[in-house]
Amino acid sequence: MDIKISSQQILRVLLVLCWIIFIGVCIDAGGFLVSSIYWSFVKPNADGFFWNKLPMLSLYQYDKGHFMAICLLICIVAVIKASIFYRIIALLQENKLNMAKPFTREVGSFLFLTAWLTIMVGFFCSYAGKYVGQLTSKGIPMPGMKEMGLAGSDVWFFMGATLLVIGFIFKRGIELQAENDLTI
Amino acid sequence: MPIIVNLDVMMARRKMSLNELSEKVDITLSNLSILKTGKAKAIRFSTLEAICKVLDCQPADILEYQPDR
């Protein structure tokens, strides 16, 4: 028996997956933000208070400035990740993706902005990786990059570059579709 | 664009309205309007043939080349 899966079905599954990831990423971003603000104003006394139980106390005790910088990087990356998934949900939920005429300016701008956001995540992750490396070399015990949500900068860069290339191809597709629409 | 569409001139000569032409050529009014106002990027041979047949004219009566100044 042949099972045919249509594009609409795949998009529906993708929407559900994106919602799940978006909720998870939002909780993560919120957790990091609240923990960072809490630790900035209230002097912490135990590691357990930070989001995900990250061992940040050593860094905090070493230098509050470095601690704030790392927290800022974690929060920026978490918020950008959430915004990427929000944009995907908005695109799929509002039915902006018309399969009959997919090459629209809205989808084109979505691709470009998502590509730049992805590259930004890659840049921040890469910078954070070097920063954490420097701090570790000074003998400060730091949490793992994955636990801080800053791992995989190369993957983000690759994804951003791929999206950018697709965006440029899509741009040509928009022009071709417009030309086709104006062929009588 | 240096290609000028003189559809309105031919329609006036044949005393034919846009609605009438649209019905006879079997093209939507909006597409015919795009063609008439010169917004069209291209025209299919089949469309040109149908218009020429209905208006009893040659393609050169509808399309004209005027180089950009």
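Numbered from 1 within each chain, the chains take letters A, B, ... in sequence-line order. Remember, it's a predicted structure, so these values are computed and weren't measured experimentally.
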Next on the checklist: Could you check whether atom OH of Tyr131(A) has more than 12 heavy atoms from other residues, nucleotides or ligands sitting under 6.0 Å from it?
Outcome noted: yes

Item to check | Arg105(A) atom CZ, neighbour heavy-atom count above 12 within 6.0 Å | outcome: no

Checklist entry - Should we count CE of Met145(A) as having more than 12 external heavy atoms under 6.0 Å? => result yes

Checklist entry - With only heavy atoms counted, which part of Ile43(B) is less than 4.5 Å from chain A, the side chain, the backbone, both or neither? => result both

Item to check | Minimum heavy-atom distance Thr183(A)-Arg44(B), with the two atoms named | outcome: O-NH1, 3.7 Å

Next on the checklist: For the OH atom on Tyr127(A), are there more than 12 heavy atoms of other groups (residues, nucleotides or ligands in this structure) within a distance under 6.0 Å?
Outcome noted: no

Checklist entry - Can you tell me if Thr47(B) uses its side chain to pair, donor with acceptor, with the backbone of Ile184(A) under 3.5 Å? => result yes

